Participant: 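This structure is in structure tokens; I'll ask about it shortly.
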Amino acid sequence: MVVGAGFAGYQATRVLRRRLRGRARITLLNPTDYFLYLPLLPQVAAGLLEPRRVTVSLTGTLPGVRFVLGEAGRIDLESRTVHYTGPEGLGGELPYDRLVLAVGSVNKLLPVPGVTEHAHGFRGMPEALYFRDHVIRQMELAAQGTDDPALRAARRTFVVVGAGYTGTEVAAHGVMLTGALDRRVPARWILLDIADRVLPELDRRLSVTADRVLRRRGVDIRTGTSVKEATGDGVLLDDGESVPTRTLIWCVGVRPDPLVSELGLAVERGRLLVGPDLRVPGHPEVYACGDAEAVPDLTRPGALTPMTAQHAARQGKLAGRNLAASLGYGTARPYKHHDLGFAVDLGGVQAAANPVGVPLSGATAGAVTRGYHLAAMPGNRVRVGADWLLDAVLPRQGVQLGLVRSWSVPIDSSAPEQARVPGSPASDTES
Ligand SMILES: Cc1cc2nc3c(=O)[nH]c(=O)nc-3n(C[C@H](O)[C@H](O)[C@H](O)COP(=O)(O)OP(=O)(O)OC[C@H]3O[C@@H](n4cnc5c(N)ncnc54)[C@H](O)[C@@H]3O)c2cc1C
């Protein structure tokens with residue numbers, strides 16, 4: 001049984017399917033019927049890629065695997081049972097002989113007043129769709145000219161908190177989206193981070209490239225700055241400046257899915273501790289991999305592998321291989337992977353990348369980054385490539401579909417259901 005079909009769970013299932021060839025029953029539990037290629041989500045939010053391009057059908061690409069649509073709520077390691085809830089509230093129990101846990105991560109929250117109520121995260125498809133509609137709506141309302149000038153200025157101001165790869169890409173693509181909508185109504189994008197540079201966790205040379213590209217597009221980058229309070233009218237920065245805005249995108253990072261810390265097993269910073277073979281100590285029948293797991297990095301003794309797709313996908317493959325080995329098919333191996341570098345797509349032909357440690361910028365980095373994504377995606381490559389080509393020659397479609405409401409994309413996705421309905425503090429009236 002595999003719980004979670006992200007980078008780690010999807011690859012684990014794929015490898016298990018191939019290695020076991022029908023000699024064991026494989027069940028995959030996931031809340032959506034698709035694998036989501038998260039690194040291209042900012043491009044969905046900016047209207048560059050259609051949403052389905054970054055999804056890969058689970059049933060379509062994993063024939064022979066029993067797929068269960070639902071979310072694991074409790075895992076009983078003694079009776080070897082996963083309790084889950086389906087999309088319509090009904091649930092059940094799924095027994096297992098071997099388990100792969102790959103539930104990934106959720107938005108990281110900081111104790112800043114007002115953020116839970118007024119900010120939105122950027123961690124899944126609903127958030128990307130909400131972002132696209134919301135930004136277009138703010139620009140359209142500002143252009144109508146019926147609001148007072150202060151409100152119009154607030155609508156045209158977009159604040160992204162956190163200049164890691166997610167926040168940097170969201171701001172880079174966001175400013176291109178608003179530029180494509182209506183150049184007569186200029187938007188103001190602010191990207192802020194408590195660190196002293198954008199992309200603080202990556203090679204400094206990537207930071208320099210991203211900083212240059214974003215500033216050239218007019219993004220107001222504030223380093224060494226954070227949010228003190230968020231309200232419905234704007235944000236108060238820790239340097240005392242008040243920024244009127246209707247848009248606060250919270251990209252301060254992720255934390256492991258709380259499901260793993262509820263297991264009562266050893267965790268480190270919320271990540272479930274596993275051995276180099278990806279087995280959970282004391283439970284040789286349980287494998288765990290991806291963002292939610294603390295996997296020792298054998299290339300940097302004493303460190304844990306970072307929470308990236310690069311590691312999650314490879315750990316997933318190895319978990320599948322080692323699990324198959326435990327059933328007598330193949331041999332087990334420890335997890336060891338030398339980081340291959342990082343690629344940050346900045347929109348247009350721009351990117352900042354350091355494949356195998358070689359820093360690249362400009363169009364070369366752009367081509368390498370997009371080539372990398374096409375190679376890394378487990379499906380839909382032709383459609384993604386076609387969207388990129390179309391975007392290069394046709395104007396972007398700036399229309400709202402209004403399908404995702406503000407209250408349905410709470411920043412705390414682990415919040416109870418009642419916090420997610422209209423009329424609750426986490427809702428807003430305009431959408
Ligand atoms: C916008 C964005 C851009 C990114 N860009 C990059 C990048 O360019 N390069 C890079 O290396 N990394 C990038 N990352 C990070 C990367 O996406 C993650 O490290 C990676 O997705 C981790 O894989 P995972 O399988 O552990 O988790 P996920 O891919 O998050 O998958 C977890 C899966 O488990 C499911 N799940 C969660 N809870 C339950 C439950 N209770 N029951 C059943 N299923 C559950 C989820 O629905 C999901 O399908 C990005 C992340 C984001 C958000």
Side-chain angles (χ1 to χ4, degrees), residues 38 41-42 44-46 105-139 151 154-175 177-178 187-195 198 219-223 225-239 241-255 258 404-431:
L38 277 163
L41 208 55
V44 172
S105 49
V106 297
N107 288 318
K108 188 197 274 180
L109 299 172
L110 299 178
V112 178
V115 163
T116 313
E117 294 83 356
H118 302 291
H120 285 96
F122 200 85
R123 190 70 192 82
M125 184 67 83
E127 282 128 322
L129 297 180
Y130 170 75
F131 175 95
R132 179 174 174 175
D133 276 0
H134 175 83
V135 169
I136 295 173
R137 184 169 56 244
Q138 294 309 311
M139 292 297 284
L151 179 53
R155 289 196 188 284
R156 289 189 285 104
T157 302
F158 302 94
V159 180
V160 181
V161 184
Y165 49 79
T166 301
T168 298
E169 288 194 357
V170 166
H173 283 278
V175 70
L177 169 66
T178 51
R188 179 184 178 209
W189 283 84
I190 302 176
L191 174 64
L192 50 97
D193 200 298
I194 193 76
V198 298
V219 176
D220 180 359
I221 298 174
R222 312 274 186 99
T223 50
T225 308
S226 186
V227 169
K228 204 168 162 193
E229 188 182 353
T231 66
D233 298 326
V235 287
L236 177 64
L237 306 184
D238 62 356
D239 59 10
E241 182 181 345
S242 172
V243 180
T245 180
R246 286 303 189 92
T247 311
L248 180 59
I249 308 295
W250 200 248
C251 301
V252 300
V254 292
R255 63 190 162 108
V404 182
R405 304 302 176 102
S406 170
W407 49 264
S408 63
V409 280
I411 193 165
D412 185 1
S413 51
S414 56
E417 281 290 316
Q418 62 268 27
R420 305 189 200 175
V421 295
S424 75
S427 73
D428 67 23
T429 48
E430 77 186 20
S431 54

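Because only heavy atoms are used, hydrogens play no part in the values below, and waters and symmetry mates are left out as well, while side chains stay in. On a predicted model such as this, the values are computed, not experimentally measured, just so you know. Residues take their numbers from the sequence shown, with the count starting at 1.
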Participant: Here's a test for you: under side chain to side chain donor-acceptor pair (under 3.5 Å), which of H118, R155, H134 qualifies with T247?
Facilitator: H134
Participant: Main chain of V404, side chain of S408: is a donor-acceptor contact present, judged purely on distance under 3.5 Å?
Facilitator: no
Participant: Are H120 and Y130 an aromatic pair by the rule of ring centers under 6.0 Å?
Facilitator: yes
Participant: For a 4.5 angstrom cut-off between non-hydrogen side-chain atoms, does E127 reach V409?
Facilitator: yes
Participant: Might you work through the side chain to side chain contact (heavy atoms under 4.5 Å, CB included) test for D193 and T225, ending with a clear yes or no?
Facilitator: CA-CA 5 Å; D193 200 298; T225 308; over 6 Å; no
Participant: Give a yes or no answer on whether the side chain of S226 reaches the backbone of D238 with a donor-acceptor pair at less than 3.5 Å.
Facilitator: no
Participant: How long is the straight-line distance from CD of E117 back to CD1 of I411, given to the nearest 0.5 Å?
Facilitator: 10.0 Å
Participant: Distance check, rounded to the nearest 0.5 Å: L177 atom CG versus M139 atom CE?
Facilitator: 8.0 Å
Participant: Nearest 0.5 Å please: distance from the CZ atom of R188 over to the OG1 atom of T178.
Facilitator: 13.0 Å
Participant: Which atoms form the tightest heavy-atom contact between R132 and A45, and what is the distance?
Facilitator: CB-O, 3.2 Å
Participant: If I compare all heavy atoms of V106 with all of P258, which pair ends up nearest, and what's the gap?
Facilitator: CG2-CD, 4.0 Å
Participant: Does D220 use its side chain to pair, donor to acceptor, with the backbone of I190 at less than 3.5 Å?
Facilitator: no
Participant: Using the ring of each side chain (for Trp, its six-membered ring), is F131 parallel, tilted or perpendicular to W189, with breaks at 30° and 60°?
Facilitator: tilted
Participant: Quick one: does any side-chain atom of T245 pair with a main-chain N or O of T157 as donor and acceptor, under 3.5 Å?
Facilitator: yes
Participant: So, R255 side chain and N107 main chain: donor-acceptor pair closer than 3.5 Å or not?
Facilitator: yes
Participant: CH2/W250 to NZ/K108 distance, rounded to the nearest 0.5 angstrom?
Facilitator: 10.5 Å
Participant: Could you check whether any side-chain heavy atom of T223 comes within less than 4.5 Å of a side-chain heavy atom of L192, counting everything from C-beta outward?
Facilitator: no
